[in-house]
Amino acid sequence: MLKISDYLAITAGFLGLLVFYLIFSGNLRIDYGTESRLPVIEQEEAGERVQPETARYVVLYGNEEESRSTSQVMQMLEHMKKFYIAKETAAQLTEEQKETADIFIITTDSLEEADAQHMLLELVKADGKYLLYTNLPDESGEYEKELGILESRGKTQIDGMMIFEGILAQGMVNYADLPMTVGDLSLDAACTKLIQEQSKEFKEQRELIPLLWKKQWGKGKIYVCNAPFFEEESGIGILTGIFSDMEETFLYPVVNSSAVLLDYYPDTEHADRELIYRLYSREPAAYIRDVVWPAMEKIGHEEGLVISGRTHMQDKDEEFYDTQRQMQRNKGIVMEADEGDFLPVISEGHTQADEKRFRMDSASSGCGLASCYLDMREIMGSKGEQESFEWAAYSLELTKNMHNLYGKNHFLESVDWLEAQERLKRYERIQPAIEISDDHIQIRADGFVDVWYCMVRTGRDLKHGQGYEIQKVGEQAYLLEIRQQEIRIPMQ
């Protein structure tokens with residue numbers, strides 16, 4: 001005779017089979033969490049910049065207003081939501097502008113052009129302001145002593161670099177294979193290196209070329225860059241690090257998104273069917289389901305990433321929807337061909353490179369975005385002259401690459417591609433007004449919608465309060481999630 005427990009076991013087994021059937025027959029839809037993303041808002045059109053009468057930041061560009069370095073530095077300041085004045089020379093500044101400004105940024109490689117009378121050097125020395133040279137010229141001439149240069153030996157090629165603690169939110173970072181052309185020079189003892197050469201050959205510490213340093217100059221400080229950091233967007237992490245070193249507490253908005261996009265996935269219409277069958281004894285749909293996705297799922301799990309896809313298929317079949325469900329179970333999504341172009345790509349391709357890693361680390365620290373794009377036609381035999389990448393080799397290289405890219409950037413939240421886009425829209429809208437006192441930070445954000453994120457670089461301890469959440473992401477770095485237009489953060 002059956003016991004009550006036996007009847008319960010039989011009933012539970014029957015219900016389990018029923019649920020299994022309903023799910024995989026498509027008659028039962030499960031919400032995998034894809035509806036929890038932020039509401040869609042309109043992209044805000046960039047308005048024409050209006051130069052303020054006074055500002056804390058001043059950019060001096062000499063005769064190089066259209067230079068790559070000048071335009072990039074201005075763009076970085078706008079991303080950080082910092083008001084600035086741009087002038088050709090220091091002589092064009094009014095007394096009120098000189099008094100209001102704290103940080104002067106010279107983007108021309110002609111120091112004489114920007115500050116012919118050495119007025120800025122005197123201002124920094126007397127009033128405790130900061131001076132940043134983004135482009136060290138080949139010949140610094142009479143400025144070499146002020147800049148802390150002991151000896152200059154022209155240009156040279158270096159292997160890589162080491163970024164010391166305090167510049168990037170991630171802490172100290174090494175890039176052994178990141179060649180660049182820099183000035184071959186040595187500094188006097190009054191200088192402090194913030195970034196220096198990393199050589200594949202043995203060198204004494206004093207022989208390693210400085211790439212970024214600071215020097216006390218009276219009451220103020222001078223910062224000098226001896227590398228092409230500010231000719232590309234990737235320099236934003238270096239610039240936020242310099243400002244963080246200048247100020248006891250420094251804040252700037254960030255996107256707070258890690259996102260990975262597999263383009264042309266799932267997609268069997270852009271596949272070489274004969275090649276795939278010859279290599280893997282499978283049809284393209286089975287190759288995607290049985291070979292590609294399990295490896296991508298493993299990478300996502302190991303690195304804590306959400307994997308998004310974008311299909312270009314016109315005729316979707318049950319195999320397509322099966323792969324889509326697999327991705328949704330891992331919090332991913334599948335977009336249509338016309339979606340997802342708004343989010344900029346920080347890293348592209350499956351291969352490893354220290355240049356990619358630097359771009360990702362710098363963008364993560366400077367604007368809080370770590371986006372990676374992979375064109376999956378590369379492993380479907382339908383792109384370029386090469387027939388295909390052999391999957392085992394591709395997968396191994398990709399695994400290493402994703403670990404290198406995201407290994408130090410886990411402090412950013414992993415989200416799907418469309419969620420990252422919505423966070424970016426809010427990042428672009430926000431315009432915070434920040435007041436810092438001895439015991440608190442007051443923030444009011446114009447352009448607030450529902451949530452935004454802010455990086456705080458400080459050696460002080462931030463306390464919890466109403467309307468925001470705090471995550472400590474580095475030795476002296478905090479990431480805030482802010483859900484009110486105005487907040488007050490106690491600190492000590």
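All values below were derived from every heavy atom in this structure, side-chain atoms included, with hydrogens, water molecules and symmetry-related copies excluded. In what follows, residues are counted from 1 in the order of the sequence shown. Owing to the predicted nature of the structure, the values given are computational and were not obtained by experimental measurement.
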Are [X] and [Y] close enough that a side-chain donor and a side-chain acceptor fall under 3.5 Å?
| X | Y | answer |
| --- | --- | --- |
| R273 | Y287 | no |
| E486 | Q442 | yes |
| T181 | Q157 | yes |
| Q198 | D159 | no |
| D290 | Y280 | no |
| N404 | Q352 | yes |
| E302 | H403 | no |
| S437 | D439 | yes |
| N330 | H301 | no |

If you measure from the Lys or Arg side-chain nitrogens to the Asp or Glu carboxylate oxygens, is any gap between [X] and [Y] under 4.0 Å?
| X | Y | answer |
| --- | --- | --- |
| R483 | E481 | yes |
| K425 | E428 | no |
| E348 | K356 | no |
| E247 | R56 | yes |
| R278 | E274 | no |
| E419 | R423 | yes |
| D450 | R426 | yes |
| R289 | D322 | no |
| R310 | D341 | yes |
| K331 | D416 | no |
| D245 | R457 | no |

* Side-chain contact, heavy-atom cut-off 4.5 Å: K221 with Y223? ->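 Yes, their side chains come closer than 4.5 Å.
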* Asked: Side chains of T134 and L239: does their closest heavy-atom pair fall under 4.5 Å?
  ->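 With C-beta onward as the side chain, the pair stays apart.
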* Could you give all pairs that pass the ring pair (Phe, Tyr, Trp, His ring centres under 6.0 Å) test and reach residues 462-492, with sequence neighbours left out? -> none
* Atom pair CD1 (I236) and OG (S365), whose distance is rounded to the nearest 0.5 Å ->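 Result: 9.5 Å between the selected atoms.
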For the student: nearest non-hydrogen atoms of [X] and [Y], plus distance:
| X | Y | result |
| --- | --- | --- |
| M335 | I333 | CG-CD1, 3.7 Å |
| T249 | I436 | O-CD1, 3.4 Å |
| K155 | L136 | NZ-O, 4.3 Å |
| E165 | E475 | OE2-CB, 3.8 Å |
| I482 | C454 | CD1-CB, 4.0 Å |
| W452 | A445 | NE1-CB, 3.7 Å |

* To do: Carefully, step by step, assess M162 and L211 under the rule side chain to side chain contact (heavy atoms under 4.5 Å, CB included).
  => CA-CA 9 Å; M162 175 186 295; L211 307 182; over 6 Å; no
Is there a donor-acceptor pair closer than 3.5 Å between any side-chain N or O of [X] and the backbone N or O of [Y]?
| X | Y | value |
| --- | --- | --- |
| T70 | Y61 | no |
| S71 | R68 | yes |
| N226 | G183 | yes |
| S244 | T240 | yes |
| T311 | P266 | yes |

* Identified side-chain contact (heavy atoms from CB on, under 4.5 Å) counterpart of E413 within the set V255, V306, N256 -> N256
* Asked: Can you tell me if NZ on K400 sees more than 12 non-hydrogen neighbours from other groups inside 6.0 Å?
  -> no
* Take atom NZ of K298 as the centre, draw a 6.0 Å sphere, and report whether it contains more than 12 heavy atoms from other residues, nucleotides or ligands. => no
* To do: Please determine if K214 forms a cation-pi arrangement with Y130, meaning its NZ or CZ atom is less than 6.0 Å from the six-membered ring centre and no more than 45° off the ring axis.
  => no
* Please work out whether the ring planes of H270 and Y264 are parallel, tilted or perpendicular, with thresholds of 30° and 60°. =>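 Correct class here is perpendicular.
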* To do: Could you tell me how the ring of F250 sits relative to the ring of Y252: parallel (under 30°), tilted (30 to 60°) or perpendicular (over 60°)?
  =>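 The rings of F250 and Y252 sit tilted, inter-plane angle from 30° to 60°.
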* Please test I106 against N135 for side chain to side chain contact (heavy atoms under 4.5 Å, CB included), starting from the C-alpha separation and ending with a verdict. => CA-CA 8 Å; I106 297 181; N135 292 321; over 6 Å; no
* To do: Please assess C372 against L405 for the test side chain to side chain contact (heavy atoms under 4.5 Å, CB included), listing each intermediate value before the final yes or no.
  => CA-CA 9 Å; C372 182; L405 291 178; 4.1 Å; yes
* Asked: Checking salt bridge (Lys or Arg N to Asp or Glu O under 4.0 Å) for the pair R429/E42: CA distance, chi angles, key distance, verdict?
  -> CA-CA 10 Å; R429 283 187 179 216; E42 292 296 320; over 6 Å; no
* To do: Assess whether side chain to side chain contact (heavy atoms under 4.5 Å, CB included) is satisfied between L480 and Q471, documenting all intermediate values.
  => CA-CA 6 Å; L480 304 182; Q471 176 188 356; over 6 Å; no
